[in-house]
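Only a predicted model underlies this, so the values are computations on that prediction, with no experimental measurement involved.
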Amino acid sequence: MATSQPVHGDSAGTFLGHPKGLFVLFFAEMWERFSYYGMRALLIFYLTKHWLFSDSDAGVIYGAYTALVYITPVVGGYLADRYLGQRKAVLFGAVLLTLGHFFMAFEGDPGVGTENNPIVYVFWLALALIIVGSGFLKANISVIVGQLYPRTDTRRDAAYTIFYMGINLGAAIGSLLCGYIGETYGWAYGFGLAGIGMLAGLVVFIWGKPLLLGRGEPPKPLAKNTEWSMYGAGIAMVGICWLAIQYQDLVGYVLGIFGGSLVLYVLFTAVVKLPSEERDRIFAAMFLILTSIVFWALFEQAGSSLNLFTDRHVDRGGVPASVFQSINAIYIILLAPVFAVVWQTLGRKGLEPSAPLKFGMGVVQVGLGFLVLVWGAQSVGMNAAVPVLFIFLIYLLHTTGELCLSPVGLSAMNRLAPAHMASLIMGTWFFASATGNFAAGLIASATGAEGVGEEAGKQVVLDVYSTVGWYAVAIGVGVMVISPLIKKLMHLDTLKDDSVGDDLLGQSEGPGEAQGAGVHPETRPAG
């Protein structure tokens, strides 16, 4: 089925002023995030308490896993764009994810480590299935959201906001329920619940297919042998990830070699083939991409070293540590609308920070979060449990930092890249996120201090947090200082849409800026 879409997205009916298909995608993604974050909340404890990995090894495994979750969307998105179409790719990804989450429920004998428990190979397979399933689903489901609306539809921003809330609703509920049940009643129950959540998402997506009105279908008629060869490629990716997650150094080499090659290729293309303004925009995008690596390396301590720190050194009042993984998602649900209003209000007054300045603010806040936690731990003494207030504070600062950087970065990548390099730049952004996640694993590994006693181990973690916190603040301030130069490289005054005749008023003002298309009421087609 070709992607020509004569049927309007509202043709199957609307709900709350939006196509019903949006809510099919909302619930499918909500359940997928429920399962992903529910499993992630338990993973570091499962590695250390069930499989008896050291903190250092568990941190590296966790980092490799989350890095691979960011690499595979590059492949999943490419295969969907060229062959499968987004809908079939999402469906395939959902099947892999459902299998992966259910395989996580097979744990074998507890407390015997990996040497005497062959079920560990099932565990590696479960992680590999989740990695590749995420690659096919996450890369493509949000694309279908956009396809439900004409390009100049004023509801697009609101649609993505609704979709984004589904993501965080699933993440919050999954962390709370799966974390609590997994730590209270047993790993298999927590992971099994995550699997049931993913199965619910799969059922919703299959049930709601008619409401998508042919969106996300293959770009050209898809032969059966081509379709099955794509699924075969996905299974081969599972095999590769099954090996990579066991030999984490491979992931580091892949990130180093391919990521470095990607950056060099993008810069070479920009210098040799692009006119001066587009070249400058690519330089600005690469600067933002490299800055994001620092942010994600610190932000992603949440699921690994910070999760272990909460378990061992924080006065939680009997609440399972994994439940605290829900705080970030809850803060986003509460604060994302506030940030949108603040940026909009500042924008109307011409005071909204530029995208590079927001990036610097994000990095400063993630560093301050660690420094606040260190100060809180030291203020009560090394022998006392850290008050839980400081866990809420570090997540608050990390969330406000994320809201300054993550949505702004996605918008900037879309707008700064010329059309023929859009996928390449987005792929580089994902590779940077993967690199940040892998670096997060190395930082988490550095906090592991087995055999030195609880108090000394606590001091090691706080020393690492203090170091990375101060570095992040310094880097963030540096980014803020040079942000006017980066903003100049973005050439916002001459940024134009690639398509003629469908520009929105204010669209040319640039990515994530106050006057960006869809932010203000003046969103009728220009011209």
Should Tyr121 and Leu125 count as side-chain neighbours, where that means a heavy-atom distance under 4.5 Å?
no
Ring pair (Phe, Tyr, Trp, His ring centres under 6.0 Å) with Phe191: which residues, sequence neighbours excluded?
Tyr46
Can you list every pair that meets side chain to side chain donor-acceptor pair (under 3.5 Å) and has a residue in residues 182-193, with sequence neighbours left out?
Glu183-Ser322
Between Trp343 and Phe339, is the gap from one ring center to the other below 6.0 Å?
yes
Using the test side-chain contact (heavy atoms from CB on, under 4.5 Å), find all partners of Ala89 that sit at least two apart in sequence or belong to another chain.
Ala80, Leu84, Phe136, Asn140
Quick one, Ser175 with Arg40, criterion side-chain contact (heavy atoms from CB on, under 4.5 Å). Give me CA distance, side-chain angles, the key distance, then yes/no.
CA-CA 8 Å; Ser175 300; Arg40 198 190 81 152; over 6 Å; no
Among all residues two or more places apart in sequence or in another chain, which pass the side chain to side chain donor-acceptor pair (under 3.5 Å) test with Arg33?
none
Taking it one step at a time, do Leu373 and Ile391 satisfy side-chain contact (heavy atoms from CB on, under 4.5 Å)?
CA-CA 7 Å; Leu373 179 62; Ile391 295 299; 4.1 Å; yes
Locate the shortest heavy-atom distance separating Tyr395 from Phe324; write the atom from each residue and the value.
CE1-O, 3.8 Å
Do Leu306 and Phe299 have side chains that get closer than 4.5 Å, going by heavy atoms?
no
Sub-3.5 Å donor-acceptor pair from the side chain of Thr48 to the main-chain atoms of Ile44, do we have one?
yes
Closest non-hydrogen atom pair between Ala440 and Glu300, with its separation:
CB-CB, 3.7 Å
Please say whether more than 12 non-hydrogen atoms of neighbouring residues, nucleotides or ligands are located less than 6.0 Å from CZ in Phe45.
yes
Got a sec, which pairs hit ring-ring contact (aromatic ring centres under 6.0 Å, His included) with one end in residues 65-86, sequence neighbours left out?
none
Listing, residues 245-258 side-chain donor-acceptor contacts under 3.5 Å, not counting sequence neighbours, or none:
| residue | atom | partner | partner atom | Å |
| --- | --- | --- | --- | --- |
| Gln246 | NE2 | Trp242 | O | 2.9 |
| Gln248 | NE2 | Ile245 | O | 2.8 |
| Gln248 | NE2 | Gln246 | O | 3.2 |

Name all residues meeting the side chain to side chain donor-acceptor pair (under 3.5 Å) criterion together with Thr400; count only those two or more places apart in sequence or in a different chain, and write none if there are none.
Gln365
Taking C-beta and beyond as the side chain, do Tyr36 and Met198 meet within less than 4.5 Å on heavy atoms?
no
With sequence neighbours left out, write down each residue that passes side chain to side chain donor-acceptor pair (under 3.5 Å) with Tyr231, or none if nothing qualifies.
Glu227
Is Tyr37 close to Cys178 at the side-chain level, that is, under 4.5 Å between some pair of heavy atoms?
no
Val386 and Phe309, any side-chain heavy atoms less than 4.5 Å apart:
yes
Are Val203 and Trp31 close enough that some pair of their side-chain heavy atoms sits under 4.5 Å apart?
no
Result of checking Ile162, Leu212, Leu211 against Leu22 for side chain to side chain contact (heavy atoms under 4.5 Å, CB included):
Ile162
Heavy atoms only: give me the nearest Ile327-Phe392 pair and the separation to one decimal.
CD1-CE2, 3.7 Å
Carefully, step by step, assess Phe390 and Val314 under the rule side-chain contact (heavy atoms from CB on, under 4.5 Å).
CA-CA 9 Å; Phe390 292 100; Val314 173; over 6 Å; no
For Tyr164, does the OH atom sit with more than 12 other heavy atoms under 6.0 Å from it, leaving out its own atoms?
yes
Spacing of CZ belonging to Arg87 relative to CD1 belonging to Ile144, to within rounding of 0.5 Å
8.5 Å
Which heavy-atom pair separates Leu424 from Thr428 by the least distance, and what is that distance?
O-OG1, 2.8 Å
Taking side chain to side chain donor-acceptor pair (under 3.5 Å) as the test, write out the residues that go with Thr66, two or more places apart.
Asn437
So, taking the atom named CH2 in Trp296 and the one named CG in Leu298, what distance separates them when rounded to the nearest 0.5 Å?
12.0 Å
So, applying side chain to side chain contact (heavy atoms under 4.5 Å, CB included) with Arg312, which one of Val461, Asn307, Asp55 is it?
Asp55
In Å, rounded to the nearest 0.5 Å, how long is the span from CG of Leu25 to CG of Leu148?
6.0 Å
Ser406/Glu402 under side-chain hydrogen bond (donor to acceptor under 3.5 Å, both in side chains): CA gap, chis, key distance, verdict
CA-CA 5 Å; Ser406 185; Glu402 180 187 6; 4.8 Å; no
Rounded to the nearest 0.5 Å, what's the gap from OG1 on Thr72 to CD1 on Ile240? Could you check?
11.5 Å
Could you give the side-chain donor-acceptor pairs of residues 90-105 under 3.5 Å, partners two or more places apart or in another chain?
| residue | atom | partner | partner atom | Å |
| --- | --- | --- | --- | --- |
| Thr98 | OG1 | Ala94 | O | 2.8 |
| His101 | NE2 | Ser35 | OG | 3.3 |

Least distance between heavy atoms, Val132 atom then Cys241 atom
CG2-SG, 3.9 Å
Sorted by chain and residue number, the side-chain contact (heavy atoms from CB on, under 4.5 Å) partners of Thr291 (sequence neighbours excluded) come out as Phe287, Phe359, Val363, Val479
Atom NE2 of His50 and atom CG of Leu42: how far apart are they, to the nearest 0.5 Å?
12.5 Å
Side chains of Asp311 and Arg316 in contact at under 4.5 Å (non-hydrogen atoms):
yes
Does Gly85 offer a backbone N or O that forms a donor-acceptor pair with the side chain of Glu217 under 3.5 Å?
no
Shortest non-hydrogen pair, Pro73 vs Val69, comes out as CD-O, 3.0 Å
With a 4.5 Å limit on heavy-atom distance, are the side chains of Asn328 and Thr399 in contact?
yes
When you look at Phe370 and Ile394, which way does the side-chain contact (heavy atoms from CB on, under 4.5 Å) test go after all the steps?
CA-CA 6 Å; Phe370 285 111; Ile394 186 174; 3.8 Å; yes
For the backbone of Val60 and the side chain of Ser445, can you confirm whether one donor and one acceptor N or O come within less than 3.5 Å of each other?
no
Got a sec, which residues hit side-chain contact (heavy atoms from CB on, under 4.5 Å) with Ala28, two or more places apart in sequence or on another chain?
Ile141, Phe205
Out of curiosity, Tyr331 OH to Ser326 OG, how far, rounded to the nearest 0.5 Å?
10.0 Å
